[in-house]
Chemist: 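One structure follows; several queries about it will come next.
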Protein chains: 2
Amino acid sequence: MIEYQNLNEPVYLKVKEMIISGELKQGEKIVQEKIAEALGVSRTPLMRALLALENEYLVESIPRRGMFVRSLGQKEIFDIYVCREALEGMAARLLALSSDKTAVKELRDCFSCFLSQKEIDLQVYAKADEKFHSLLIKLTGNLPLDKIYFFGNIHEKVISRGLLRPPEETLGEHAKIIDAIEKGNADNAEKFAREHIEKSRILLLNQ
Amino acid sequence: MIEYQNLNEPVYLKVKEMIISGELKQGEKIVQEKIAEALGVSRTPLMRALLALENEYLVESIPRRGMFVRSLGQKEIFDIYVCREALEGMAARLLALSSDKTAVKELRDCFSCFLSQKEIDLQVYAKADEKFHSLLIKLTGNLPLDKIYFFGNIHEKVISRGLLRPPEETLGEHAKIIDAIEKGNADNAEKFAREHIEKSRILLLNQ
DNA sequence: TAATTGTTTTTTGTATACAAAATACTGTTT
DNA sequence: AAACAGTATTTTGTATACAAAAAACAATTA
């Protein structure tokens, strides 16, 4: 009496976590049977997860050799930031052009709790920051954009654990982006969103 | 005596072609065993192909119900154009900022054969146009951008077979983009690249 | 006849079996 | 001891088997 629902999602999430947490190291070969056994499933659903992760750029497949945890070099992280710049910039523009301004409230809510406090918990702020950037994309309602953007997460989740820049610096930048969206100033919204990411990108380059 | 190399690629290409050619209609359910048999393979390599196609947005998976050929509505095509605008715009910017200007020659070569002729073969021009837009991305050397851009192909290959606008109109626009890249004028390169796609997008909206 | 229920068929999701390729190992030769 | 060849082991790629879910069908009832 075998009983299952879709192993799909849980296996995918677990393997992803193993990569992000470093349990599976960069460049390491993923021996399918080994991981499958560790997760208590067969190779079939594991393979499905690995293929999804390959498309997310976390895993690399070399035919007849196996699947490897992808290692991201400096250049690639930089390149990902360039993509984010293009996509988040466009997202900010779209939101500014949209007549429905409920998005503004949601975006502001990400940071509202930090405005009244003196000491900001960096852990909490990092979460809020991540949410803000995801929301920026999601609220556009542009599904292809949303799907494409998955790549942007790579950096946030894999490389820079913690923030690149302090809240005092970025809080104001976020506000500027939101204000421009609210005013319907598409050019500024895009410009500020881009500059915001560019600053982190430049910083990344000099370290 | 079973003999095989990777069925992976050929199966993927065949299924993709079946979708693009319309042999598998939009919204149609893909019965795995049926297609697998038609291709002379088992469900395993077919599944791999379907997952890749799912990530390319050509196929949609509904758990426990099956895989379906994705149908693209007007809004989604429009949304894809918005993504292209952001990505190709950024690509043009990157090329303009790059000191290596060999890209310019390659881009110009796409259309060089049309400059001296009176009558332009639309079929040939469509090919050149597709090449130009792919090259724009590829020449940046930004791998994540390249991977992300795959989505852009959806439109070219699935929906609009043939061109949206006549060569007389677009030939000049292409030249303007290339010129700006050559001059190292990043702002103009991005602006022209965007306007070029935006014009098609607007046209799409009014039909 | 329409609706509902029970049964059969189909199809998915998963596990497993097995051939060929890749890798690790062993023993021999230099 | 290093290099090599030949063999054994591991691991991938594919096919297949089978249980559970879904869909199709049939039969019964209102």
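Residue numbers begin at 1 in each chain, while the letters A, B, ... track the order of the sequences.
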Chemist: Could you please spell out the steps behind the salt bridge (charged side-chain N to carboxylate O under 4.0 Å, His left out) verdict for R194(B) and E190(B)?
Modeler: CA-CA 6 Å; R194(B) 279 211 195 184; E190(B) 176 162 21; 3.6 Å; yes

Chemist: Classify the ring geometry between Y125(A) and F114(A) as parallel (under 30°), tilted (30 to 60°) or perpendicular (over 60°).
Modeler: perpendicular

Chemist: Angle between ring planes, H133(B) versus H174(B), binned at 30° and 60°: parallel, tilted or perpendicular?
Modeler: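 The rings of H133(B) and H174(B) stand perpendicular, inter-plane angle above 60°.
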
Chemist: By the 4.0 Å heavy-atom rule, please label L46(B) as base, sugar-phosphate, or nothing.
Modeler: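 The answer is nothing, as L46(B) stays clear of every strand by at least 4.0 Å.
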
Chemist: Remember a base hit wins even if backbone is also touched, and classify R65(B) as base, sugar-phosphate or nothing at under 4.0 Å, heavy atoms.
Modeler: sugar-phosphate

Chemist: So, are K199(B) and E169(B) salt-bridged, with charged N and O less than 4.0 Å apart?
Modeler: no

Chemist: Between V41(B) and P63(B), who's closer to the 5' end of DNA chain D by nearest nucleotide?
Modeler: V41(B)

Chemist: Identify which nucleotide among dA15(C), dA15(D), dA17(C) has an atom closest to any side-chain atom of P45(B), counting heavy atoms from C-beta outward.
Modeler: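 For P45(B), the side-chain atoms sit closest to dA15(D).
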
Chemist: Under a plain distance cut-off of 3.5 Å, with no hydrogens placed, do D100(A) and S98(A) share a side-chain donor-acceptor pair?
Modeler: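 Not at all, the side chains of S98(A) and D100(A) share no donor-acceptor pair under 3.5 Å.
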
Chemist: For dA15(D), does OP1 or OP2 lie under 4.0 Å from any side-chain N or O of S42(B)?
Modeler: yes

Chemist: Describe the nucleic acid contact of K34(A) in one word from base, sugar-phosphate, nothing, applying a heavy-atom distance below 4.0 Å.
Modeler: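 K34(A): no heavy atom of the nucleic acid under 4.0 Å.
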
Chemist: Should the pair R201(B) and F78(B) be classed as cation-pi, given the thresholds of under 6.0 Å to the six-membered ring centre and 45° from the axis?
Modeler: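 Here R201(B) passes the 6.0 Å and 45° test against F78(B).
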
Chemist: Assuming nearest nucleotide by heavy-atom distance, tell me which of Q32(B) and R43(A) is located more 5' along DNA chain C.
Modeler: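 Closest to the 5' end, via its nearest nucleotide, is Q32(B).
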
Chemist: In whole Å, what is the span from the CD1 atom of I62(A) to the P atom of dT12(D)?
Modeler: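 Going from CD1 in I62(A) over to P in dT12(D) covers 12 Å.
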
Chemist: Between M47(A) (CE) and dT12(C) (C1'), how many Å, whole number?
Modeler: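 It works out to 19 Å between those atoms.
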
Chemist: For the helix from dT1(C)-dA30(D) to dT30(C)-dA1(D), measure the angle between the helix axis at one end and the axis at the other, each built from five pairs, rounding to 10°.
Modeler: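 Answer rounded to 10°: the end axes differ by 10°.
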
Chemist: Quickly work out the K29(B) NZ to dT12(C) P distance and round it to whole Å.
Modeler: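 Taking NZ of K29(B) and P of dT12(C), I get 5 Å after rounding.
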
Chemist: I need the CZ-P distance between R64(B) and dA22(D), as an integer number of Å.
Modeler: 6 Å

Chemist: What is the separation between atom CD1 on I35(A) and atom C1' on dT11(D), rounded to the nearest whole Å?
Modeler: 13 Å

Chemist: Atom CG of N8(A) and atom P of dA15(C): how far apart are they, to the nearest Å?
Modeler: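 Answer to the nearest Å: 12 Å.
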
Chemist: Round to the nearest Å and state the distance from R48(A) atom CZ to dT14(D) atom P.
Modeler: 17 Å

Chemist: Only pairs under 3.5 Å count here: list side-chain donor-acceptor contacts from residues 29-44 of chain A, not counting sequence neighbours, and write none if there are none.
Modeler:
unit_1	atom_1	unit_2	atom_2	d
K29(A)	NZ	R65(A)	O	3.0
Q32(A)	OE1	R43(A)	NE	3.1
S42(A)	OG	T44(A)	N	3.3

Chemist: Using atom CE of M67(B) as one end and atom C1' of dT12(C) as the other, report the distance to the nearest whole Å.
Modeler: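 It is 11 Å, rounded to the nearest whole Å.
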
